[in-house]
Protein chains: 2
Amino acid sequence: MSNKPTAKPTKSERTRAAILEAARELFTEFGYQAATVRDVAHRASIDPAMVIRYFGSKEELFARAASIRLNVPQLKVVDSQAIGETLVRHFLNLWEGPESSCGMAVLLRSAASNEFAAEKMRDVFAAQVRPVVASVGDPATAARRAGLVSSQLLGLAMCRYILRLPPVVDLSQVEIVRAIGPTLQSYVMATDEDAMCKI
Amino acid sequence: MSNKPTAKPTKSERTRAAILEAARELFTEFGYQAATVRDVAHRASIDPAMVIRYFGSKEELFARAASIRLNVPQLKVVDSQAIGETLVRHFLNLWEGPESSCGMAVLLRSAASNEFAAEKMRDVFAAQVRPVVASVGDPATAARRAGLVSSQLLGLAMCRYILRLPPVVDLSQVEIVRAIGPTLQSYVMATDEDAMCKI
DNA sequence: TCTATATGCCAACAGCTGTTGACAAATTCA
DNA sequence: TGAATTTGTCAACAGCTGTTGGCATATAGA
């Protein structure tokens, strides 16, 4: 054990990090089922048995690899007319920015055919999207408004990064912001009179 | 062979139909990988070997089960102000209507983690969505406009039917039409001046 | 009736899966 | 130096996968 309370001098749990990185890459590319423990081990240049010893099981490894922090910006400090654009820009940056690999691809690849991933997706929504939307407008309608926002952003991700629908892949970031920004703006700002609650 | 040119009196290729129906249900619920040939056979009350003998392979069975006809209404005969609403209503009817089982669930469950399903999804877009959108407005921008429409509708399907995000599941059909209709309207009707092409 | 054909079940194959335990090499610490 | 702990490899397990071939049964036509 080299777990000193402070200052961990990185032993050979570079191995652990290597496994986790390999897992992220393969889960991102092939999804939970198709990415095998043996594949992960091979990419991390280590024996499959170590993957299990370090993470307990494939499920736990996936859970580790699928942790997401959206870091959605606080909407109250944003020009209320520019909330939609801000959200789209942030979302594009999560997927295509310099650090990229926000981890959403890991989840989105598997969420459709893996209940565990789907539940984690719902958790991310409840913990990181809904609260942000709730910070502006009527809190009573926040969940619905956040749901609409998610439907558009998740659909964008599906078409652009997962299915790779050519016309959506070909769009520039600016075009996406101009097209989808107003949509999100209307969803976030929707009131009862618009369409949200009564009938 | 009881394949008379006309009037097939349905031999025991009710079996074939039973297998196909079972396959549709299981592919819809669990996706391509998780739905096994043995599961399909069991649900169709027949031996797994028969599934292969009737359809050749699991892949061919999936291809059969994943055939889709969207039957998108002709937009030229629709009030040009109501195109967005029309599209949403039609989409909701495909998923929730009396006949339901439009087959999209089969594809959408697997498209994220199965390249074959993803390609079939792109084919459906190119053959059944883009042409309809191209029938109104500038044909040169039709692919992009259809891509945006697809991003919103696919996102809706993901949230409501696949991930089952509670706030999106709880929306009534009317609420969805009122919220998303205007979005699709703006996407379908978008012109260069709006946001579509230049920069 | 006998025969040919369609329909179906059974057992088994080869391959892959996650996971486990025993054992070797390397490292650390005294 | 020697002993203990970490880090790793290897072989094997039990279970599942799609798929195949052989053999029984039922049906239909003569």
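Note: hydrogens, waters and symmetry copies are ignored here, and every other heavy atom, side chains too, is used. Naming convention: chains lettered A, B, ... in sequence-line order (proteins, then strands); numbering from 1 in each chain.
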Students often mix this up, so state it plainly: with edges at 30° and 60°, are the rings of B:Trp95 and B:Tyr161 parallel, tilted or perpendicular?
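Geometry flag for B:Tyr161 against B:Trp95: parallel rings.
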
Tell me whether the NZ or CZ atom of A:Arg16 lies within the 45° cone about the ring axis of A:Phe55 and under 6.0 Å from its centre.
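Judged by the rule (NZ or CZ under 6.0 Å from the ring centre, within 45° of its axis), A:Arg16 counts as positioned above A:Phe55.
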
How close or far is atom [atom2] of [N] from atom [atom1] of [X], stated in whole angstroms?
| X | N | atom1 | atom2 | answer |
| --- | --- | --- | --- | --- |
| B:Arg14 | D:dA26 | CZ | C1' | 14 Å |
| B:Glu59 | D:dT19 | CD | P | 8 Å |
| B:Asp47 | D:dA24 | CG | C1' | 13 Å |
| A:Gln33 | C:dT17 | CD | C1' | 11 Å |
| A:Ile46 | C:dA25 | CD1 | P | 17 Å |
| B:Leu26 | D:dT17 | CG | P | 12 Å |

Heavy-atom closest contact (B:Ser110 atom, B:Tyr32 atom, distance)
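In terms of heavy atoms, the two residues are closest at OG-N, 2.8 Å.
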
Want to settle it: does B:Arg38 or B:Met50 sit nearer the 5' end of DNA chain C, counting the closest nucleotide to each?
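Here B:Met50 is the residue nearer the 5' end.
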
Distance test, side-chain N/O of A:Thr15 to OP1/OP2 of D:dG8, below 4.0 Å:
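Checking D:dG8 against A:Thr15, a side-chain N or O does come within under 4.0 Å of OP1 or OP2.
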
Assess whether atom CZ of B:Arg64 is packed by more than 12 heavy atoms of other residues, nucleotides or ligands within 6.0 Å.
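Count not over threshold, so no.
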
Just call it for A:Tyr54: base, sugar-phosphate, or nothing, with non-hydrogen atoms closer than 4.0 Å on any strand.
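Since only primed, P, OP1 and OP2 atoms lie under 4.0 Å of A:Tyr54, the category is sugar-phosphate.
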
